[in-house]
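One structure is given here, and the rest of the page talks about it.
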Amino acid sequence: MKGWQQFWRQLSVFGLLALALTGCGREELSTLQPSGPVAAMQFDLMKLSSAIMIGVFIVVMLIFTYVLIRYRKRPGQQGIPKQVEGNHALEILWTVIPFLLLIVMAVPTVTTGFELHKTYPKEEALQVKVTAHQFWWEFEYPDLGVATAQDLVLPVGKKVQFTVTSADVMHAFWIPALGGKIDTNPGQENKIWLQADKTGIFYGKCAELCGASHALMDFKVEVMDQAAFDSWSKGMKGVQAAEPVAASAASAAQGQEIFNKSCLGCHAVAGKGGKMGPNLTNFADRERVAGILAHTPENVAEWLKDPQKVKPGNNMPNLNLDDAQTKALVDYLQTLSVK
Amino acid sequence: MSAHASHAPKRSGLWDWLTTVDHKKIAILYLIAGGIFFLAGGFEALLIRLQLMYPESSVVGAKTFNELITMHGTTMIFLAAMPIIFALMNAVVPLQIGARDVAFPFVNSLGFWLFFFGGVLLNTSWFLGGAPDAGWTSYTTLALNQFSGHGVDFYVLGLQIAGIGTLIGGINFLVTIINMRAPGMTFMRMPMFTWSAFVTSGLILFAFPAITVGLVLLMFDRLFGGNFFNPDAGGNVVIWEHLFWIFGHPEVYILILPAFGVISEVISTFARKRLFGYSSMVFATALIGFLGFMVWAHHMFTTGLGAIANTLFGLATMLIAVPTGIKIFNWLLTMWGGQIRFTSANLWAVGFIPTFTIGGMTGVMLAIPPADYQYHDSYFVVAHFHYVIVGGLIFGLFAGLHYWWPKMFGKMLNETLGKWNFWTFFIGFHLTFFPQHFLGLMGMPRRVFTYLKDQNLDFGNFISTIGAFGMTIGTILFVVNIIVTANSSKRAPADPWDGRTLEWSIPSPPPEYNFAQTPLVRGLDAFWIEKVAGNKGMTPAEPLGDIHMPSPSFLPFMMSVGLFIAGYGFMYHNYVVVVIGLLVTFACMFLRSVNDDPGYHIHEDEIEEVKA
């Protein structure tokens, strides 16, 4: 029988085809292209364990293939095969070898495990507090006196100590290219450290089912050099200590009026406003609208017109704005920049 | 018919099925009900894959998608896999140990009806305001009233009712296997499938109380305003995870061990060799069962238990690879030197080996906590557990069904259709789940109703959905095969495969008393020993005599109906309905207690008639 042939054909054709056509995924997202020491350590463990496991698989398949070809029943075959009770030497062999292989994997497992669970004080690492909400992310930098949402801004090459929690249900904080995830549990705090060794944008995900828009609970990680980060945090701090600036253009001023009336209860801008929804101080600098849509005025308008359509189940009410009001609000939101 | 026939209550048609306490008929009931739920769960899976075929598509909405994944997982584990396992255990275990029935036939019937009505209750949620949508794991606080709909109440009550059924079913098999083995059948002469049923039943005994406790606490939170899992009132969300997985991990072994048992039987029969390393297989089965209870926290590596807990649970998990490896190599060596026949049943068993090996390999990879921080809740995990549960358990069940179908129904499944069924399902399966390993590594979280265009996840998802069509075709072919077989008039012989164990020594399907005379067991593979010695059948251990049988009863059905009604009362806070439902159940229990039912006898001359 050619069960094994079919099997290998699939494995090679479709598995490898999938890999070849998609590479190793997007650099911003893939765990296979680590961009920091945590993801790199984890990738090393993945490589080690897959290498050992593929070795085991090859041994199994060699025996399997040989047995199926050599001992298939042939026409006219007579007699009963020899009934073998077992073989102690062989059975001990395939008990001991797996043990040895496991020990090879266990050693780096233990050392890496403890390495990843270290916590770093503020002298050694940037401290960031992450609070997950249905369906957005809140980031606070307690030592810098800065808070933002949806876009996490980090300096390159520096350890970041995250303290994560949730305001409602369980979520999980995951930036695949920088390192593995940690759950955000309501009523508890978890710690994780990560570090980005490349500047650029990385994709962050929520990995724990958290309701209707779980799939859309993305965030972006913007990694910049230390000088740019310092100037960003200084700018943010200055703005967040002050009152919101009055918009100059007529349309934006009208939008600001609507914003102050309808939005400020939930969304903070500069030093004013509520914490129910994402902080919008640097809204215009964001990579994405609502974490998923390209940052264009059209998409901002789409979100404002019907938030439930873009992210089902989110907590933002429909403000029932007409086109003019929407445009004014979009114009105002586009002025919220600290860059 | 002889004059004594009036001793046996004559029932026919539907009434016979509603009242039967015969393990062989209950097996068929489990198979039909489990099969229907399997088709429902499969349909849900197909909708899931259709939604994910292209990025940003909208075949189903976000909320519906979450209902589909919740119901797919819950249905497949509790309402499809478990019942079909129970179908095989009911059909085969009493026969393999030379018993006339299970230890408690009435309880056996009750177990089935509780499962059935629990499953029906859960599925009515689709028509009563929406299915549960918090995932099959129902993690709190998402599963609390504040964050999820009425559907979760159906989950909480449906699973409690079905869970009681499974628990009493498991206890029944423990007692049966311990007490009712034929003379000479020591523990170390029991067929491997019976061994796996025994260990599985032990796991059920210890694992199901944990989920029951969890479900009761969740019921208090949801229905009566309790705060066990509400952090705002001092509750703790991680406690639910522990309770769930203290059940949920052994559950994986409850599912896979019977498949191991089936594979051991099928491979050894179709290689015409005794199982290689029988005693190490038994030891490995028991060890896997034991270790299964020690590793639940490997589902919680990212929960924040800390480095020490994660490392210990990780290393304990890796250890399971050792007994599992022993099994894989023993199966290979069982075939070594044999005469392998590739029947449909054996194709599934042979296909199981590489597939399950891959599932086991990724299992070891997942047991490394630091790497698991990347795999956890990603499609890598989805790929892994489908390789284990579909590639392991479902392949095993298909092998078992093709193998024992003649014994259960007295007819042979069509081999050509069986082979088409295998190949379409097998290829479809690998096409569906192999790319998902890479999707996970490339950053796709599980349980997402869609994914964005620019993330390089399109191709893998597309291939995966194409594979799902293959599995669908395979499943449809199996249904076609059943219909074709049912309509054919070809009778199955008593021993179509040149079997080794006791069930093949009696007619297909067996008479209601199974063995006219309890057989004497003289070693492992009892029937094979007799055949090799040139004997026509088993040597009897007792003279021919009257056989005592239990009476059929409608009470198990009504007891389950009572709990079914009470379940709705609880969910809709209508306590009159609760009282009515519970009264029905308690009245049936009372009747069962006061009614002295001695059963009936099948007389010696009737047995002779059947034999001749």
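Each chain gets a letter, A, B and so on, in the order the sequences are listed, and its residues count up from 1. All values below were derived from every heavy atom in this structure, side-chain atoms included, with hydrogens, water molecules and symmetry-related copies excluded.
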_Please rank E85(A), M46(A), K205(A), K82(A) by heavy-atom pairs under 4.5 Å with chain B and give me the top one._
E85(A)
_Any side-chain heavy-atom pair of T141(B) and D168(A) under 4.5 Å_ = no
*Please check if the side chain of N185(A) supplies one atom and the backbone of T303(B) the other of a donor-acceptor pair under 3.5 Å.*
yes
*Would you please test L333(B) and W94(A) for side-chain contact (heavy atoms from CB on, under 4.5 Å) and show each step?*
CA-CA 12 Å; L333(B) 265 282; W94(A) 58 60; 3.6 Å; yes
*Contact summary for A212(A) and A62(B), nearest pair of heavy atoms*: O-CB, 3.4 Å
*side-chain hydrogen bond (donor to acceptor under 3.5 Å, both in side chains) contacts in which one or both residues fall within residues 325-340 of chain B, not counting sequence neighbours*: Y71(A)-W336(B), S264(B)-W331(B), R272(B)-Q339(B), S280(B)-N330(B), T285(B)-K327(B)
*asked:* Holding to side chain to side chain donor-acceptor pair (under 3.5 Å), I want the full list of residues that pass it with N314(A), two or more places apart in sequence or in another chain.
replied: none
*N310(B) side chain reached by H117(A) side chain, heavy atoms, under 4.5 Å*: yes
*Does the pair D498(B)/K73(A) count as a salt bridge with the N-to-O cut at 4.0 Å?*
no
*Euclidean distance, Q374(B) CD relative to S30(A) OG, rounded to 0.5 Å*: 8.5 Å
*Under a 4.5 Å heavy-atom cutoff, which of G306(B), P369(B), A271(B), S279(B) has the most pairs with chain A?*
G306(B)
Show me the side-chain donor-acceptor pairs of residues 359-368 of chain B shorter than 3.5 Å, one per line, residues at least two apart or across chains.
{"unit_1": "T362(B)", "atom_1": "OG1", "unit_2": "I358(B)", "atom_2": "O", "d": "3.2"}
{"unit_1": "T362(B)", "atom_1": "OG1", "unit_2": "G359(B)", "atom_2": "O", "d": "3.0"}
{"unit_1": "T362(B)", "atom_1": "OG1", "unit_2": "H384(B)", "atom_2": "ND1", "d": "2.9"}

*For chain B, find which of V56(A), N87(A), I97(A) contributes the most heavy-atom pairs closer than 4.5 angstrom.*
N87(A)
*asked:* Among V448(B), T302(B), N230(B), which residue has the highest count of heavy-atom pairs closer than 4.5 Å to chain A?
replied: T302(B)
*asked:* Please rank W174(A), Y66(A), Y203(A) by heavy-atom pairs under 4.5 Å with chain B and give me the top one.
replied: W174(A)
*How about residues 232-240 of chain B versus chain A: which residues have heavy atoms under 4.5 Å apart?*
N236(B), V237(B), V238(B)
*asked:* Rounded at 0.5 Å granularity, tell me how far CZ in F329(B) sits from CD in E91(A).
replied: 12.5 Å
*Give the member of I54(A), V84(A), D44(A) that has the highest number of heavy-atom pairs under 4.5 Å with chain B.*
V84(A)
